[in-house]
**Student:** 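The structure under discussion is supplied below as structure tokens; questions concerning it will follow.
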Amino acid sequence: MPDQGRPSTGEQAKRHAFAQLRQAILRGDMAPAQRLVENELAEQFGVTRASIRAALIDLEAQGLVERIRNRGSRVRVVTVEEAVAITECRMVLEGLCAAKTAATADDAQLDRLTELGTAMTKAVADGDPLTYSQLNQELHTRIQEFSGQRTAVALLDRLNGQLVRHRFRLALRPGRSQHSLVEHLAMIEAIRARDPEAAEAAVRAHLTSVIEALRG
């Protein structure tokens, strides 16, 4: 239902529509190949069709939406090979972030990563892959955040948005969490040892394993 206090037109309305649509896609509320009907979305978010159209153009630039000629827009379908290519790019950027974090993290930040590792271990022991997946995402996010490498973080945010569906499928694959846990604990250990080279190598090893799982 439209919010009477929110502008329905202009740049602010476009930003609102963009943020709401992006979150819906990232949460999986909108499935790959789902049609995005401008009239329906305009009514849902209480903005004009022009604001929705502008938001869809921005989402297309982020790789989350694709526009089909004479058929409108839909949530982009990311193939396995595209997911592999994106993960190869992640390998370079996340490796950089891990190395930076190993070199510069303070004790409180290192303790936070350790806490996440402990929580991930518990989630695996409890047989809770969805909680594990959420913690996995948070670990990667914190390593990026603690690195202070804003350019890499911005690029990763765009890349990771395109992988939501594949990540969800991997998270539910039997045995994947146990395998992944060992790799994440190795990343944490290398960062705690303040060893940039080992931290980067651990991230690369983990994402190489992700690529193998995507292709498997």
**Student:** Looking only at atom types and distance, does a side-chain atom of Arg112 sit under 3.5 Å from a main-chain N or O of Leu139, one as donor and one as acceptor?
**Tutor:** no
**Student:** Just verifying a value: how many Å separate Ile57 CD1 and Gln62 CD, rounded to the nearest 0.5 Å?
**Tutor:** 13.5 Å
**Student:** When you measure from the side chain of Thr104 to the backbone of Lys100, do you find a donor-acceptor pair of N or O atoms at a distance under 3.5 Å?
**Tutor:** yes
**Student:** For Arg27, I'd like to know if atom CZ has over 12 heavy atoms of other residues, nucleotides or ligands within 6.0 Å.
**Tutor:** yes
**Student:** If I take atom CD from residue Glu183 and atom OG1 from residue Thr208, how far apart are they, to the nearest 0.5 angstrom?
**Tutor:** 9.0 Å
**Student:** Do the side chains of Val164 and Arg167 get nearer than 4.5 Å, heavy atoms only?
**Tutor:** no
**Student:** If I take atom CZ from residue Arg158 and atom SG from residue Cys89, how far apart are they, to the nearest 0.5 angstrom?
**Tutor:** 11.0 Å
**Student:** Is there a path of hydrophobic side-chain contacts, each under 4.5 Å between heavy atoms of I, L, V, M, F, W or Y residues, that connects Leu96 with Leu207?
**Tutor:** no
**Student:** Can you confirm whether Arg49 is buried at CZ, in the sense that more than 12 heavy atoms of other residues, nucleotides or ligands lie under 6.0 Å from that atom?
**Tutor:** yes
**Student:** Mind listing the closest non-hydrogen atom pair of Leu156 and Cys97 along with its distance?
**Tutor:** CD1-SG, 4.2 Å
**Student:** Taking side chain as C-beta onward, heavy atoms only, is Phe45 less than 4.5 Å from Leu21?
**Tutor:** yes
**Student:** Please tell me whether Val37 and Leu41 are part of a single hydrophobic cluster in this structure, the criterion being side-chain heavy atoms less than 4.5 Å apart.
**Tutor:** no
**Student:** Is it true that atom CD of Glu66 has more than 12 heavy atoms of other residues, nucleotides or ligands lying nearer than 6.0 Å?
**Tutor:** yes
**Student:** Membership question, hydrophobic clusters at under 4.5 Å side-chain separation (ILVMFWY): are Ile143 and Leu155 in the same one?
**Tutor:** no
**Student:** Please report the closest heavy-atom contact between Ile191 and Ala199, naming both atoms and the distance.
**Tutor:** CG1-CB, 3.8 Å
**Student:** Is a side-chain N or O of Asp126 found less than 3.5 angstrom from the main chain of Asp128, in a donor-acceptor match?
**Tutor:** no
**Student:** Drop me the distance from Glu94's CD to Leu159's CG, to the nearest 0.5 angstrom.
**Tutor:** 9.5 Å
**Student:** If only atom types and distance count, is the side chain of Arg67 paired as donor or acceptor with the main-chain N or O of Ser73 below 3.5 Å?
**Tutor:** no
**Student:** Might you work through the side-chain contact (heavy atoms from CB on, under 4.5 Å) test for Val210 and Arg176, ending with a clear yes or no?
**Tutor:** CA-CA 10 Å; Val210 169; Arg176 179 61 200 164; 3.5 Å; yes
**Student:** Are Arg150 and Glu145 close enough for a salt bridge, meaning some N to O gap below 4.0 Å?
**Tutor:** no
**Student:** Ignoring hydrogens and angles, tell me if any N or O in the side chain of Gln144 forms a donor-acceptor pair with the backbone of His140 under 3.5 Å.
**Tutor:** yes
**Student:** Compare all side-chain heavy atoms of Arg142 with those of Glu138 and state whether any distance is below 4.5 angstrom.
**Tutor:** yes
**Student:** For Glu38, does its backbone N or O pair with a side-chain atom of Arg53 as donor and acceptor, under 3.5 Å?
**Tutor:** no
**Student:** Decide whether Val78 and Leu214 are clustered together by the hydrophobic rule: side chain heavy atoms of Ile, Leu, Val, Met, Phe, Trp, Tyr closer than 4.5 Å, transitively.
**Tutor:** no
**Student:** Could you report the tightest heavy-atom contact between Ala190 and Ala102, atom names first, then the distance?
**Tutor:** O-CB, 4.5 Å
**Student:** Might you work through the salt bridge (Lys or Arg N to Asp or Glu O under 4.0 Å) test for Arg76 and Glu60, ending with a clear yes or no?
**Tutor:** CA-CA 8 Å; Arg76 181 169 168 245; Glu60 182 181 14; over 6 Å; no
**Student:** Do side-chain atoms of Arg194 reach the backbone of Ala105 as a donor and acceptor pair under 3.5 angstrom?
**Tutor:** yes
**Student:** Checking Ser209 side chain against Ala205 main chain: does a donor-acceptor pair fall under 3.5 Å?
**Tutor:** no
**Student:** Is there a donor-acceptor contact under 3.5 Å linking the side chains of Ser180 and Ser177?
**Tutor:** no
**Student:** Identify the heavy atoms of Pro32 and Arg165 that sit nearest to each other, and give their distance.
**Tutor:** CD-NE, 3.5 Å
**Student:** Any chance you could measure Asn136, atom CG, to Thr131, atom OG1, to the nearest 0.5 Å?
**Tutor:** 12.0 Å
**Student:** Would you please indicate if the ring centroids of His179 and His206 are separated by under 6.0 Å?
**Tutor:** no
**Student:** Are Val203 and Leu181 connected, step by step, through hydrophobic side chains (Ile, Leu, Val, Met, Phe, Trp, Tyr) whose heavy atoms are closer than 4.5 Å?
**Tutor:** yes
**Student:** Do Ile25 and Val65 pass the side-chain contact (heavy atoms from CB on, under 4.5 Å) test, and can you show the C-alpha distance, the side-chain angles, and the key distance before you say yes or no?
**Tutor:** CA-CA 9 Å; Ile25 293 170; Val65 164; 4.0 Å; yes
**Student:** Could you walk me through whether Arg74 and Gln34 satisfy the side chain to side chain donor-acceptor pair (under 3.5 Å) test, starting with their C-alpha distance in whole Å, then the side-chain angles of each, then the deciding distance to 0.1 Å, before giving a yes or no?
**Tutor:** CA-CA 5 Å; Arg74 69 177 189 176; Gln34 180 175 329; over 6 Å; no
**Student:** The test is side-chain contact (heavy atoms from CB on, under 4.5 Å); show your working for Arg204 and Val92 and say whether it passes.
**Tutor:** CA-CA 8 Å; Arg204 284 178 169 270; Val92 177; 3.9 Å; yes
**Student:** If every non-hydrogen atom of Phe146 is compared with every non-hydrogen atom of Thr101, which pair is closest and at what distance?
**Tutor:** C-OG1, 3.6 Å
**Student:** Do the side chain of Glu82 and the main chain of Thr79 share a donor and acceptor less than 3.5 angstrom apart?
**Tutor:** yes
**Student:** Using 30° and 60° as the class limits, which term best fits the ring planes of Tyr132 and His184: parallel, tilted or perpendicular?
**Tutor:** perpendicular
**Student:** To check you understand the geometry: which heavy-atom pair defines the closest contact between Ile52 and Ala17, and what is its length?
**Tutor:** CD1-CB, 3.8 Å
**Student:** Short question: side chain of Thr121, backbone of Gly117 - any donor-acceptor pair under 3.5 Å?
**Tutor:** yes
**Student:** Working to the nearest 0.5 Å, report the span between CG of Leu59 and CZ of Arg22.
**Tutor:** 8.0 Å
**Student:** Answer yes or no: is there an ion pair linking Arg192 with Asp111, defined by an N-O contact shorter than 4.0 Å?
**Tutor:** yes
**Student:** Any chance you could lay out the side-chain contact (heavy atoms from CB on, under 4.5 Å) test for Asn160 and Arg90, step after step, and finish with the verdict?
**Tutor:** CA-CA 8 Å; Asn160 286 327; Arg90 284 180 60 205; 3.1 Å; yes
